[in-house]
Amino acid sequence: MTKKRKPFPIHIFVFLAPAFLVYTVFMIYPLIDSLRLSLFSTGTAGSELFVGLANYKTLLTSNNWAPRLWNAIKNNFIFFAVHMLVQNPIGLLLAALLSSKIVRGSSVYRTLIFTPTVLSIVLIGFIWRLILSPIWGISEDFLSFLGLGVLNQPWLGLESTALFTLSLVSVWQYVGIPMLLFSAALIGLPDELIEAAQVDGATAWSVFWRIKFPLILPTVGIVAVLTFVGNFNAFDLIYTTQGALAGPNFATDILGTFFFRTFFGFQLQAGNPTMGATIAGVMFVIILSGVLLYFFGWQRRLQRIEL
Amino acid sequence: MRLKHFLLLSVFLLTSLVMAQQATLTIESWRNDDLRIWRDVIIPVFNEQYPDIEVIFSPTAPAEYNAVLASKLEAGTAGDLITCRPFDQSLNLFNEGRLVSLNDLPGLENFSDVAKSAWITDDGSDVFCVPMASVIHGFIYNKDAFTELGLSEPETYEEFLALLETIKQSGEYAPLVMGTQDQWEAATMGYQNIGPNYWAGESGRLGLIEGSTGYDEGGFLEAFRALAQWQPYLINGYQAVAYPDAQNLFTLGQGTIYPSGSWEISGFNELATFEMGAFPPPPPAGQDTCYISDHTDIAMGLNTASPNQEAALTFLEWMTSAEFAELYSNALPGFFSLSNQEITLQDPLAQEFLSWRSECESTIRSSYQILSRGEPNNENDLWNAAAQVLNGTLTPEEAAAQVQKGLESWYEPQQNR
């Protein structure tokens with residue numbers, strides 16, 4: 001009896017095709033074309049000249065470009081660090097509180113905390129500019145109420161405070177996302193494990209750190225990598241509050257605003273698509289290395305635990 | 001090139017003769033605030049004389065205009081008449097063959113060389129847009145506050161600083177209403193406003209272009225020093241005060257003096273409940289000549305691909321007339337026609353600004369012509385430096401050196417200074 005050959009599984013291609021086409025047309029092709037553009041320079045009368053890696057060399061070594069690039073990268077890492085040190089721990093804390101059974105109305109809180117995430121970033125920027133405004137803002141009154149009126153600053157106007165202020169505004173907006181991911185993971189944990197620990201006499205503190213937290217480690221990794229990708233693609237909040245020049249004195253300039261200013265130009269400065277594409281190439285390399293680090297350094301070491 | 005234009009023109013002329021007399025002209029513009037004025041005031045007057053030409057004013061949002069216009073021109077869907085940004089933006093359009101040379105347009109002789117300087121090729125051989133309007137820098141003040149405190153307009157820069165000190169001592173009003181958050185106010189309404197008095201207007205500006213002077217010496221450095229003296233008189237928390245904040249604060253009557261430009265007039269007239277006056281940037285004591293920034297801002301050009309060349313040229317010629325100059329300047333107080341012809345303005349504040357043209361020498365902003373072509377961009381550098389001088393993070397000398405270094409890094413005439 002001969003084994004009947006299975007027919008070619010055409011349906012696999014049918015099911016893959018929509019995603020494959022959409023990704024190719026809207027993600028992969030633009031990405032590759034942008035990387036291609038970064039290898040060209042604009043000659044006279046708009047013609048494109050192949051220059052190899054010369055744009056990258058200019059970006060990394062020229063006195064006009066390199067300080068701006070490193071400044072943007074440095075600011076971007078500060079922006080990311082604030083999110084990792086403030087947003088994600090707070091998200092975890094909120095998730096732990098809201099998933100505990102003693103908190104009442106947790107779904108109301110969850111909705112409220114998540115609301116800023118779905119608001120338009122222009123609105124967020126505008127609201128916070130008003131709150132922090134030295135003229136109409138409530139930040140001075142609020143601090144005076146706490147007896148700290150002297151501490152009030154033009155938060156968005158000083159080189160020393162502008163970047164941290166904007167990072168915290170962004171944390172305020174996006175804290176709902178780690179909170180949701182962490183709570184989903186915490187809710188999914190089986191009760192038996194926790195009950196068993198409690199029977200053994202573990203306190204709530206050690207139950208959290210020794211049972212729950214190790215079990216949600218994969219989510220911690222996903223949250224970290226989402227934060228990383230999100231932060232290194234960030235642009236809109238800075239642009240709406242500080243403009244494309246990311247003042248004062250480029251103190252809030254991150255890769256997104258640096259790219260925008262270069263690619264599209266600004267005021268009298270003409271756009272430079274090829275240098276812009278070069279900056280986009282650097283952003284791609286940074287994000288790619290971060291994501292690879294996550295895949296090989298973190299995700300592959302995680303043990304699968306059969307619950 | 002000329003011959004080609006001529007041939008194109010004659011073809012268009014012939015076709016338009018063959019076709020019906022009625023032509024429709026579409027105007028591309030970034031002045032969406034002016035839509036009603038064009039539709040209800042300017043175009044009806046034009047149609048009284050030329051009933052056969054229908055004109056449609058079709059503006060885009062200011063921030064998107066350059067990009068939208070570029071893609072429309074690329075696609076061949078741009079309007080017949082194109083509102084011209086000053087300098088390189090329009091020069092590039094002309095060099096790409098998008099704008100028609102207007103050298104032979106009758107009426108162009110009504111405009112001075114400074115007026116045409118923003119829409120002319122570097123060698124001065126082709127004018128490609130009809131100059132429409134300029135904006136003048138100066139200081140707008142709250143007359144009620146001046147009367148209350150018994151103050152009068154300053155004649156010299158020293159008097160100006162003393163005036164600011166008096167207002168500060170009185171404690172009732174903020175002396176200078178301006179912030180540095182958006183950076184451009186510091187450069188445009190600060191440095192470029194008071195600067196021409198120090199660098200002697202056009203001679204200093206042209207000196208920069210020729211490379212005979214620099215930002216780190218003479219008048220250009222002095223202007224940074226003069227600007228730095230504003231710091232104690234700016235409103236509380238000015239580092240985080242944005243442009244609209246300052247506008248609102250002044251029109252709410254909480255400040256005294258608003259370093260500004262004439263473009264604010266119509267907006268302020270609507271909002272302010274007090275009487276306003278204006279004075280030009282006061283020259284330093286002992287200097288007889290005063291200089292003002294009378295910045296060429298807006299013009300109109302003709303799309304090479306327009307099928308209605310004849311009608312469009314008729315419209316452009318009408319735009320050179322005294323009638324248009326007066327109509328436009330009165331409809332949009334604060335935007336002053338660049339025409340040499342005598343016009344009278346109804347708005348007293350606008351008339352005050354305009355009167356400085358006869359008392360002082362006019363110039364334009366130092367960074368606009370040629371100097372902002374390279375990287376780093378001179379205009380953006382000035383924003384950064386001027387804002388930092390007012391924020392106290394750079395001394396005037398450091399700021400001047402920083403701007404000069406940026407310019408020298410790519411602009412040859414400055415390297416050989």
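The chains referred to below are lettered A, B, ... by the order of the sequence lines, with proteins before strands, and numbering in each begins at 1.
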(request) Examine whether an atom of B:Ser409 lies under 4.5 Å from a heavy atom of chain A, and if so say whether it belongs to the side chain, the backbone or both; otherwise answer neither. (result) side chain

(message) Is it true that, when you exclude A:Phe164 itself, more than 12 heavy atoms of the residues, nucleotides or ligands shown sit nearer than 6.0 Å to its CZ?
(response) no

(request) Flag the one option from A:Ser62, A:Gly271, A:Gly157 with the top tally of heavy-atom pairs under 4.5 Å to chain B. (result) A:Gly157

(message) Given heavy-atom pairs under 4.5 angstrom as the criterion, report whether the side chain, backbone, both or neither of B:Ala242 touches chain A.
(response) both

(request) Please look at A:Gln242 and chain B and tell me whether the side chain, the backbone, both or neither of the residue comes under 4.5 angstrom of a heavy atom of that chain. (result) both

(message) As an exercise, state the distance from CZ of A:Phe266 to CG of B:Asn377, rounded to the nearest 0.5 Å.
(response) 9.5 Å

(request) Kindly check if the number of other-residue, nucleotide or ligand heavy atoms within 6.0 Å of CD (B:Glu74) is above 12? (result) no

(request) For residues A:Pro154 and B:Ala240, report the shortest heavy-atom separation together with the two atoms involved. (result) CB-CB, 3.6 Å

(request) State the CZ-CG distance between A:Phe264 and B:Asn66, to the nearest 0.5 angstrom. (result) 13.0 Å

(request) Side chain from CB out, backbone as N, CA, C, O: work out which of these in B:Asn384 comes under 4.5 Å of a heavy atom of chain A, or both, or neither. (result) side chain

(request) Would you mind telling me which of B:Asn236, B:Val241, B:Val177, B:Asn248 makes a side-chain contact (heavy atoms from CB on, under 4.5 Å) with A:Ile135? (result) B:Val241

(request) Could you look at A:Thr241 and say if it's the side chain, the backbone, both or neither that has a heavy atom under 4.5 Å from chain B? (result) backbone

(request) Identify the two heavy atoms, one from A:Pro134 and one from B:Gly237, that lie closest to each other, and give their separation to 0.1 Å. (result) CG-O, 3.1 Å

(request) For A:Gln153 and B:Gln239, test the side chains for any donor-to-acceptor distance below 3.5 angstrom and give the result as yes or no. (result) no

(request) Please state whether the side chain, the backbone, both or neither of B:Ile235 comes within less than 4.5 Å of a heavy atom of chain A. (result) side chain

(message) Does any backbone or side-chain atom of B:Leu252 lie under 4.5 Å from a heavy atom of chain A? Answer side chain, backbone, both or neither.
(response) side chain

(message) Testing the 3.5 Å rule here: is there a donor-acceptor pair between the side chains of B:Glu375 and A:Asn64?
(response) no

(request) With rounding to the nearest 0.5 Å, note down the distance linking CD in B:Gln183 to CG in A:Asn249. (result) 8.0 Å

(request) Mind checking the CG-CZ spacing from B:Asp245 to A:Arg129? Nearest 0.5 Å is all I need. (result) 6.5 Å

(message) Please classify the contact of B:Phe87 with chain A as side chain, backbone, both or neither, using a heavy-atom distance under 4.5 Å.
(response) neither

(message) Taking atom CH2 as the centre, does A:Trp136 end up with more than 12 heavy-atom neighbours from other residues, nucleotides or ligands that are less than 6.0 angstrom away?
(response) yes

(request) Answer with side chain, backbone, both or neither: which region of B:Trp410 has an atom nearer than 4.5 Å to a non-hydrogen atom of chain A? (result) neither

(request) Report, as yes or no, whether the 6.0 Å neighbourhood of atom CG on A:Asp33 holds more than 12 heavy atoms from other residues, nucleotides or ligands. (result) yes

(request) Would you indicate whether A:Phe50, at its atom CZ, is surrounded by more than 12 heavy atoms from other residues, nucleotides or ligands within a distance under 6.0 Å? (result) yes

